[in-house]
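Chain letters run A, B, ... following the sequence lines, proteins first and then strands; every chain starts at 1.
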Amino acid sequence: MKYLHKDIEEKWQKYWAVNQTFKASNTSDKPKFYALDMFPYPSGAGLHVGHPLGYIASDIYARYKRHKGFNVLHPQGYDSFGLPAEQYAIQTGQHPAKTTEENIKTYRRQLDRIGFSFDWSREVRTSNPDFYKHTQWVFTELFNAYYCKDANQARPISELIPVFETEGNLPLNAVCDEDTPQITAADWNHFSDKEKQEFLLKYRLTYLKETTVNWCPKLGTVLANDEVVNGVSERGGYPVVQKKMMQWSMRITAYAQRLLDDLQDIDWPQPIKDIQTNWIGRSEGAMVSFLVKSEKLKEKSSVEVFTTRPDTIFGVSFMTLAPEHELVSKITTPEQKEAVEAYVKATAKRTERERMSDVKTVSGVFTGAYAEHPFTKELIPIYIGDYVLAGYGTGAVMAVPCGDQRDYDFAKHFGLPIPNIFKAVDVSETAFEDKGNAVIANSDFLTDLPYKKAFKTVLYELEKQKIGYTKTNYRLRDAIFARQRYWGEPIPVFYDENSMPQTIAKEYLPLILPEVAKYLPTEDGQPPLGNAKNWAWDTANNKVVSNNLIDNTTVFPLELNTMPGWAGSSWYFNRYMDAHNNDEFASKEALAYWQDVDLYIGGSEHATGHLLYSRFWQKFLFDRGFVTKKEYAKKLINQGMILGESAFAYREEGTNTFYSKGLITAKKVQPIHVDVSFVNTSNELNVAAFKNWREDFKDAKFVLEDAKYIVGREVEKMSKSKYNVVNPDDICDEYGADSLRLFEMFLGPLEQSKPWKTSGISGVYSFLKKLWKLYQIDEQGNVNLSDEEPSKESMKTLHKTIKKVDEDIANFSFNTSVSSFMIAVNELTQQKCNHRTVLEPLLVLLSPYAPHTAEELWQKTGHTASIATAPFPVFDASYLIESSKTYPISFNGKMRFTMDLSLDLSKEAIEKAVMEDERTQKQLAGRTPKKVIVVPGKIVNIVG
RNA sequence: GCUCGAGUGGCGGAAUUGGUAGACGCGCUGGAUUCAAAAUCCAGUUCUUUCGGGAGUGUGGGUUCGAUUCCCACCUCGAGUACCA
């Protein structure tokens, strides 16, 4: 009978759905295994063959673990809040919930066709109120917590009030806003309610503060740092400008050190760890105060700088402040006022992108003010310059031109002195930045000290004289946690009579996203939720009511911002453990059983976004005792991207004539993307289909070669706009889901990017056909296997394959395990093996890839064991043990011939046998070898 | 610039702790079957050769009896990051 993949796959997919074959239980005697994929955003375009790559890998591993006797949790869901649905809504008026629902249907249908073993009973959707009510709850927990540096954990904010009441904030060692003043108990007790609330906000882990944000005017929203790439928005590529705004932020910086330290405990790819380490950007150095000497200043004032090279302090010849630095206006002398103000204005106008594309231009202005060097007491000029960033360190630097290239360039540009404080180093051309080889000179008490020693000595002195102290700085910033958008989780906050934020208590969540007439911002620039008619909080009845009822005594306005895209994905992995729990995000029992993700597969593009934020939330939930693990994913694998093979037709410039690829050499042509579905495997274009494709090609002329139009090919990212998308549905139609799954794995190593080539699929497809053939299935669908004893050779093939595939899957080397199966089928075909003893275990083993075929056959032959519960075949080493081995015989490391030698021969016996062989004698031609190296079981090498 | 990662046939890619380089698949060549095609099966396929061999894993060195594998220098490509003081 023919291999009818469609019938087989349909039948078993239905069977699994009806029998809930892959439903995981929260109670089991088996050890647990949690295999997770990064859940997709359900876009309108549906899946292409690149999307399921990681899902296939995790699915194989999940099935493998089930075979090995684990209770496996392998869920899937949707990250369903997001921008595309909202933009579609703005254009069409269609509610995002509706398009999202439709897209999810398409996704589900496509995923089902590929035959994944997902436990769909645990599906989550971040846009479901049942789900986001818990996202909102995490927000309120963060709001009601602060970070205690002594305990090194998050604690309830309520703890702070008695401390403030009795001692003020002086003894408190907690993370807070940089500008938090010191207060005494008396201060606190004299605070009004509003002042108390404002003060507490400086400690909350999610807080409201005026901050400089990345504002994207085109998208009408703020963006987090990781959403800005090269000064433009990651989505859409629109310009981004800096703007001061009142914003919700998350105090992720409180966790900077722990996020760094705990990387050591998790088995994640080194590149991801490196990226996160870089992003957190820890640097150790010192804070140093420079006294400002300005007649204009009445009170004593100083500039604080952060430096990683306090050892070079005697090389300071000027200081530079960021143009935005608060001291700038205070210290600027009247003579310089005009120039400084013009410069500040010009900098503010420039977008981040302009500032970056212009790195090489040195610019700045002298403020007219001077500072006093803390040791030499010399006066040094204070400049402003845009190479100093307001957001890092203190927004001011002590410039050491001989030791820092940027300071050097600045000094050269403005003709400032470049004192050399390095021993035996020439700094006339360039700065000397190599601190490992630095020996300090001309530096008073630091002279002749190497870098490390000088670093320690100067810090000791700075601390003694109270002009500086050791400081660790992080590049990581607090994450902006609000978007001026509609399609996101509402922030569960209302504003009380003092206009201070108050969270909505857990029992009244979810705060459901309101209906709005328009998804655009309001006319006065408020976020889209400003269009909602019913968007006020009635504190008497704890429910949402009409805006008309706002009286600021019991009914208050609700927050108009929504949460950013990464909110739901920061904790969803815990939800799968107990997806239908209405009271809590997951029960204590479920959390205690599943604990954490054992294998997490997804793309590396989330390194500084989702993969960092989710670690932060998990640590917070851990601190507050809600989860059992401080890291949620033990092992992470980044699957590579599957690239598309774009096709191009070549149109001569200024004409509508297309030349076949071989004819374009002398012509000026413009390559045009052609839909890959018009091209066959030999790169031949279906001209008729192409003409019908677009109006402007209707009358196109084609110059052919050998009566064919041949297209050009190029590997690019798979995308709709490049017309190189391959739909998995088409592959399933023609070759079946098993072929698709096998082929995606066979393409190459999981973690590597690789181009998709539909022509290659014939290899795995014919492998499946050959496999099917082995079972000699007749027209009635019966399997005709022999119950006689199989040959030793066939048993060896089986057990060799078991051993290899077991090892390969355990190492996530899926491509080589597919090869092993192919070899096995080729061997068994050649051996004419049709023995049940060999072929049934082979199918169980193969089922991670082709369960449908396997189950089909098990059923037909009267076996009813579900693949999910069938035992993994036991590997029997005895079939692999051989009595003899083909030894390569080498002369000076070069292989000359082989000899079959018994494996139980001693070293001496092997040497004797080899030396006596006539081929050895021929090679030696009478000479005596210097040495004979015998590695039992491996090789014999004769040196001489 | 800095930090990682990778360079193997026409192509995707294999190769345990250093031990017969090119597994497996695509493509290609020849053959069988067929009126023919598709499908299937068989044989071949790194380059070179005077048919004994010789060369060969980006380049140049080194360690070793023996290097795709280890070490040093360089070249190329990819990814991340970028005035971070």
Donor-acceptor pair, side chain of A:Gln276 and main chain of A:Ala607, under 3.5 angstrom: yes

Whole-Å gap separating P (B:U16) and CG (A:Asn811): 12 Å

Strand partner of B:U16, provided both Watson-Crick or wobble distances fall under 3.5 Å: none

Check against side-chain contact (heavy atoms from CB on, under 4.5 Å), A:Glu324 and A:Asp386: CA-CA 9 Å; A:Glu324 299 89 341; A:Asp386 69 0; over 6 Å; no

Working for side-chain hydrogen bond (donor to acceptor under 3.5 Å, both in side chains), residues A:Glu304 and A:Ser289: CA-CA 5 Å; A:Glu304 291 259 308; A:Ser289 285; 2.5 Å; yes

Distance test, side-chain N/O of A:Arg406 to OP1/OP2 of B:C84, below 4.0 Å: yes

Atom-to-atom span, CE of A:Met641 to P of B:G5 - whole angstrom: 20 Å

Paired nucleotide for B:U81 [Watson-Crick or G-U wobble; both distances under 3.5 Å]: B:G1

Distance-only donor-acceptor test, A:Lys938 side-chain atoms vs B:U17 base atoms, 3.5 Å: yes

Base-pairing assignment for B:U40 (Watson-Crick or G-U wobble, both under 3.5 Å): B:A32

Listed nucleotide nearest any side-chain atom of A:Thr308, set B:A85, B:C11, B:G19: B:A85

Nearest listed nucleotide, side chain of A:Gln830, among B:G25, B:C42, B:G80: B:C42

Carboxylate-amine/guanidinium contact A:Lys800 A:Glu827, below 4.0 Å: yes

Which residue lies more 5' along RNA chain B, comparing A:Thr816 with A:Lys885 via nearest heavy atoms: A:Thr816

Step-by-step side-chain hydrogen bond (donor to acceptor under 3.5 Å, both in side chains) determination, A:Tyr387 to A:Thr320: CA-CA 9 Å; A:Tyr387 80 96; A:Thr320 316; 3.2 Å; yes

Any donor-acceptor pair under 3.5 Å from A:Asn811 side chain to A:Ser813 backbone: no

Sugar-phosphate only, base, or nothing, as touched by A:Pro749 at under 4.0 Å among non-hydrogen atoms: sugar-phosphate

Residue met sooner reading RNA chain B from 5', once A:Gly760 and A:Thr829 are mapped to nucleotides: A:Gly760

Rounded distance (Å) that lies between atom P of B:C84 and atom CG of A:Leu321: 17 Å

Distance, rounded to the nearest Å, where A:Ile384 contributes CD1 and B:A85 contributes C1': 17 Å

Distance below 4.0 Å between A:Gln270 side-chain N/O and B:G5 OP1 or OP2: no

Phosphate contact (B:C24 OP1 or OP2) by A:Asn815 side-chain N/O below 4.0 Å: no

Sugar-phosphate, base or nothing in reach of A:Lys273, heavy atoms under 4.0 Å: nothing

Nearest-angstrom distance from the residue atom NZ of A:Lys894 to P of B:C65: 17 Å

Touch class at under 4.0 angstrom, heavy-atom based, for A:Asn278 against every strand present: nothing

Selected nucleotide, minimal atom distance to A:Arg477 side chain, candidates B:A14, B:C26, B:C84: B:C84

Any strand: nucleotide that pairs with B:U76 via Watson-Crick or wobble, under 3.5 Å: B:A6

A:Lys754 side-chain proximity, nearest of B:G13, B:G25, B:U20: B:G13

Residue-phosphate contact under 4.0 Å: A:Lys769 side-chain N/O, B:U40 OP1/OP2: yes

Sugar-phosphate only, base, or nothing, as touched by A:Ile933 at under 4.0 Å among non-hydrogen atoms: base

Sugar-phosphate only, base, or nothing, as touched by A:Glu807 at under 4.0 Å among non-hydrogen atoms: nothing

Closest nucleotide among B:C65, B:C24, B:A14 to the A:Asn941 side chain: B:C65

Of the listed nucleotides B:A23, B:U81, B:U20, the one nearest the side chain of A:Ile823: B:A23

Identity of whatever pairs with B:G52 - Watson-Crick or G-U, under 3.5 angstrom: none

Sugar-phosphate, base or nothing in reach of A:Thr277, heavy atoms under 4.0 Å: nothing

Base paired to B:G27 (Watson-Crick or G-U; both N/O distances under 3.5 angstrom): B:U45

Minimum-distance nucleotide (side-chain atoms of A:Phe746 versus B:C4, B:G19, B:G12): B:G12

Sugar-phosphate only, base, or nothing, as touched by A:Asn473 at under 4.0 Å among non-hydrogen atoms: nothing

A:His5 backbone acceptor or donor facing A:Tyr735 side chain under 3.5 Å: no

Complementary nucleotide of B:A21, counting Watson-Crick and G-U pairs under 3.5 Å: none

Side-chain donor or acceptor of A:Ser766 paired with backbone N/O of A:Gly763 under 3.5 Å: yes

Sugar-phosphate, base or nothing in reach of A:Lys930, heavy atoms under 4.0 Å: nothing

Interatomic distance where CG belongs to A:Asn638 and P belongs to B:G5 [whole Å]: 15 Å

Rounded interatomic separation in angstrom, taking CZ from A:Phe814 and C1' from B:A14: 17 Å

Paired nucleotide for B:C70 [Watson-Crick or G-U wobble; both distances under 3.5 Å]: B:G62

Sugar-phosphate, base or nothing in reach of A:Ser604, heavy atoms under 4.0 Å: nothing

Nearest to side-chain heavy atoms of A:Leu389, which nucleotide of B:C83, B:G19, B:G54: B:C83

Minimum-distance nucleotide to A:Val397 side chain [options: B:A85, B:U20, B:G25]: B:A85

Nearest listed nucleotide, side chain of A:Gln752, among B:A82, B:G27, B:G13: B:G13

Value in whole Å for how far the P atom of B:A38 lies from NZ of A:Lys2: 16 Å

